[in-house]
Structures are given as structure tokens and as C-alpha cells.
There are 2 protein chains.
Amino acid sequence: MKQRGGRVEAIYAGLRLAILEQVLEPGTKLPEDTIGEQFGASRTVVRRALELLASEELIEFRLNRGAAVCKPTLEEARDLFSVRQEIEQLVVRRLCGRLTRAQLKRLHAQIDLEDAAHKNGHNAYIRHAAEFHLALAEMTGSQLLARYMRQLVGRSALVLGLYGRPRWTDCSVQEHRDLVASLADGNIALVEKLMHHHLEAVLTRAIETAGKDKTGGLRDLLAPYAEAAKAT
Amino acid sequence: MKQRGGRVEAIYAGLRLAILEQVLEPGTKLPEDTIGEQFGASRTVVRRALELLASEELIEFRLNRGAAVCKPTLEEARDLFSVRQEIEQLVVRRLCGRLTRAQLKRLHAQIDLEDAAHKNGHNAYIRHAAEFHLALAEMTGSQLLARYMRQLVGRSALVLGLYGRPRWTDCSVQEHRDLVASLADGNIALVEKLMHHHLEAVLTRAIETAGKDKTGGLRDLLAPYAEAAKAT
DNA sequence: CATGGACAAAGTGTATACAAAAATGATGAG
DNA sequence: CTCATCATTTTTGTATACACTTTGTCCATG
């Protein structure tokens, strides 16, 4: 017995990454033995990892039917983004004009990562973009804001994976660059506007488009309603 | 074996209540067997309940040393209240002038509960006051805001229990009444000001006073630092 | 008398066993 | 051919056993 508590963390991190990068799509079942076999751990420790993910609402438990990757409804998605708008505003208001040179450097480096991943078409792009927003929250020094942002970007990735079309990520990198530039300048009004538009744009590129594009998005879009109708 | 998933919820709810009403004080150890014996459940199910509480940061796990009620540091307390200020502002901005008659009725009823508990000196007062803020968040219709508020008021109760003096609750009831009145009027500026002052007042009555009152508060105030020094 | 280390007691971390529930698939009636 | 019913299989929910860590005590030793 390897008496190390780090193993649940490892499984948690692995599964979380797989969900954020959309390797595990919403709705995917997560049987405990299968995962345990993969990671070489018993169901006990797998379950703990799953419960961590459930506390972030990335997966959900159904009674006696195990865990599955969450499928947020459209309503939940709208709630998520409206709250995220407000939290992100709190973050940039705290940061505007107060970023150190080292922090700016870190942000630029993060954006470069996004850029590289984006050009390679790698699905790690989603994660890097999420980490940019998380980095901003962490720079406020508030553990709580960082914690909330971590959950928000995680859940956002889920929503974008569900309702977004394949190439929803266009242009987002430049928006990040503009945002950091304005944060450095300390132009609070512009920063708030940029962040607002950035998040609106992400949402538009994802959800709104999904409604019009019938090829891939609509099917997933309607799936929750179909299931709801079947349940009642 | 009673195959009901509701048992972990029951233990979770019971422990949470005990913590919020300060029956279980910060620092109290929570041995799994003891709790399991009390609630008539095995360690497995107790552990799940404890992990739920840990995800709200009401308790914390120390490696190989089990769970204990959290003792937020002063820094964490300040972070908590500064973020809570901002979240509560988001809540009242969403509600101002939009409360239905039924909602107002519910809020008044909630305040009456506080009042009654307060006059009886009952420690249930803390919980009722917390539920008032939670009720506001729920009325926004945002699941996320409600969720965050639930965590925030829970953790606040912990902080107030740690750093607050015995009679820190004075006058808070009237502040709640004034707040609801302004919400009904739709006077957004006044509402924001009242909520801000209310939370500041709670903090002042608790933390600030603790620093000046050397009889009980200061000891607890310094305890975290003493432990931190011992650890390093 | 203080200090340090061995030992015992308590309690956690993990694996595993077993019962109940759900998913699956086969069988038969209409 | 379709649908319902029932047995089988899979998987979860919970209890329990065991190993390891921590912690407190006591005794030997400087």
C-alpha cells in the first residue's frame, strides 16, 4: 500500500484535464472500476477524486447510477456566463493599473502559450485560455476569487464544448492581448468594456452560433430537452 | 444495509448546523468513528459527509490526522468579507425594485425569525441571519450566486465565531429591515449603501472589537499566529 | 531533573467483500 | 416485427479489515 494522499489528486487532475480538453465529453459515464484500473487505484480513491470533481460541478452523481460528465442546460449556461461576467469585472477592477512588471510578463507568456496551441489546432488551447483568466484572478491575491474563477472557467469549458461549434476559438488570443495592454495602462473604463465584450464574444461565437448551425451544434443543443421530456 | 443515499446528506446537514451554530468550535477534531457511532453509520459514509464539508472549507483534512473545523486566519477572514461585500452588492443590484410581494413576505418572515431567536438569546440567531442573506441570493434566480452565498455565509459564521465577541449580533435585525424596505422602494443607491454599511458593521462589531477587548477575543485572535510560528 | 527514544494506543488511508440497484440482453406473447 | 417481461450481468453503495502514521506515555540515560 502506497500511503500517499497524492493519488486522489493525481486522478482528480487527470480527469479534470480530460474533461476540460473535451476528451471526456459531457454525458460520458465514469465507471469507478474502469478508472481505477486505468490509474491503478482502488474504487475508494477513485471515488474521492470523483467527489472532488462533483463539488466543482464538472461531473454529477446520479443515485445508484454513478458519475457522469455534467451536461449543463442552456439556462445553467446563461446563469454561468452572467455570473462570470460580474466576477471577471471584479477581478479586472482590482487589477487595473496595479500589475507588476513580473505579472505582466507572466500574462504575456500565458497568452503566447495560447497562441501556439491555437495555431497548432491543439485542443490544449481551451485549457490555456482558461488558465489566462485563472491567472488574472490569482493576481488579485484573493484566494476566494481565484477559487471561484477556477470553477467558473472549468464549467465554461464544459458549456463551450457542449454548445460550441468546432472553431469557436477564433480571435480570442488578440482579445486577451488587448485586455492586458489596457490593464497595464490602467484605463479602467476600457478594461471593463474589453472584458465584457470578450466574454460576450466567446458566448456569441459558441452558443448563438450553435443555434444557427444545424450540422453539429443543434443536436447537442436539443439533447437536454429531449431527455427532460422523456423523464417527465 | 439501508441503501439510501440520504444518509450522507443527513450527517452533512447535522455537522454543518453544529458548526454554524458554534456547537462545534473551530479547531475541534472530528474523528470518523465517533461521528459514525453518533449517527449510526460507517466510516465510509461519514467520510463522504466530511468531504462535502471540506469542499465548502468549513472543515479541513490534515494528512493522516483527520478532519477538524477550520480556523480561518485573519487574512482569510478579510478576503472573505471583501469578496462577500462584492457578491452581496451583485445580489442586491439584481433584486432592487424587482421583488414580488410574496418574496417580500418571505423576507419579512425570515427577519421575524431572527428577531425571535435574538430576543431569546438563542444561538440559532446566527443561522437565521445567515439564511436571510441566503434567501436574498436565492431570489436572484441564479443558482451560482445562491451557491456562492451559501458558502460565504457559512464561512462567515465560522469567522465571526472565532473572532467575534459574545454579543456581536446587536442591531443587525434592524439593518435587515431597513435593507428590505429600500429594496422594495427600488432605491438602488441607498440599497448599496445599506448593504455595505451592514456588512461593515458586522465586521466591526466582531473583528475590530475583538482586538480591543482583551478578555476573550485577543487570545483567539493570536492563536493562529502562535500555531503558524510553531509550525515553521 | 531534563532529555530523548522506544513502545503502545488511537485513528487515518486504502483495499476489498458483499448486498442492492440498475443496465443489459434474451425470451416469448401479441 | 414490436413490445413487454424476466433472468443475467454489471456497477454502485456500504461495511469492514488491515497497514501505516501519528501521538502520547513511560522509562532509561546523560
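Sequence lines set the chain letters: A, B, ... in the order given, protein chains first and strands last, and positions in each chain run from 1.
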Would a line drawn from the ring center of H133(A) to the ring center of H198(A) be shorter than 6.0 Å?
yes

Residues from residues 44-54 of chain A lying under 4.0 Å of DNA chain D - heavy atoms:
R47(A)

note: R62(B), atom CZ; dT22(D), atom P; distance rounded to Å ~ 12 Å

With respect to the side chain of R43(B), which nucleotide from dT16(D), dT11(D), dG13(D) is positioned closest?
dT16(D)

How long is the line joining CD of E32(A) and C1' of dA21(C), in whole Å?
14 Å

Write out all pairs satisfying ring pair (Phe, Tyr, Trp, His ring centres under 6.0 Å) with one or both partners inside residues 28-77 of chain A, taking only residues at least two apart or from two chains.
none

Measuring only between side-chain heavy atoms, which start at C-beta, is R78(B) closer than 4.5 Å to L74(B)?
yes

Identify the heavy atoms of I11(A) and A41(A) that sit nearest to each other, and give their distance.
CD1-CB, 3.9 Å

Against E138(B), only a single residue in R106(B), R150(B), Q103(B) fulfils side chain to side chain donor-acceptor pair (under 3.5 Å); can you say which?
R106(B)

N64(B) has a side chain; which of dT21(D), dA15(C), dT16(D) sits nearest to it?
dT21(D)

Can you confirm whether more than 12 heavy atoms, excluding those of E60(B), are under 6.0 Å from its CD atom?
yes

Interatomic distance, K29(A) NZ vs dA21(C) C1' [rounded to whole Å]:
12 Å

Proximity to the side chain of S42(B) - top-ranked nucleotide from dT12(C), dT12(D), dT16(D)
dT16(D)

The salt bridge (charged side-chain N to carboxylate O under 4.0 Å, His left out) partners of R84(A) (sequence neighbours excluded) come to E88(A)

Please enumerate all protein N or O atoms sitting under 3.5 Å from an N or O of nucleotides 7-10 of chain D, with distances to 0.1 Å.
none

dA17(D), dT14(D), dT12(D): which one has an atom nearest the side-chain heavy atoms of R7(B)?
dT14(D)

OP1 or OP2 of dT23(D) sitting under 4.0 Å from any side-chain N/O of R65(B)?
yes

For L63(B) and dT23(D), what is the distance between atoms CG and C1' respectively, to the nearest whole Å?
15 Å

So the stems of DNA chain D, runs of at least three Watson-Crick or G-U pairs (under 3.5 Å), are C:1-30 with D:1-30

Classify the side-chain pair T44(B)/R47(A) by whether it contains a donor and acceptor separated by less than 3.5 Å.
no

side-chain contact (heavy atoms from CB on, under 4.5 Å) filter on Q89(A), not counting sequence neighbours, yields Q85(A), V92(A), R93(A), E192(A), M195(A), H196(A)

Quick one: pull up CG in L30(B) and CD1 in I19(B) and give me the separation to the nearest 0.5 Å.
6.5 Å

Integer-rounded Å distance: dC18(D) C1' and D33(B) CG
14 Å

Without decimals, in angstroms, what is the distance between F61(B) CZ and dG11(C) P?
16 Å

For R147(B), run the side chain to side chain contact (heavy atoms under 4.5 Å, CB included) check against Q151(B), M149(B), Q143(B) and tell me which one passes.
Q151(B)

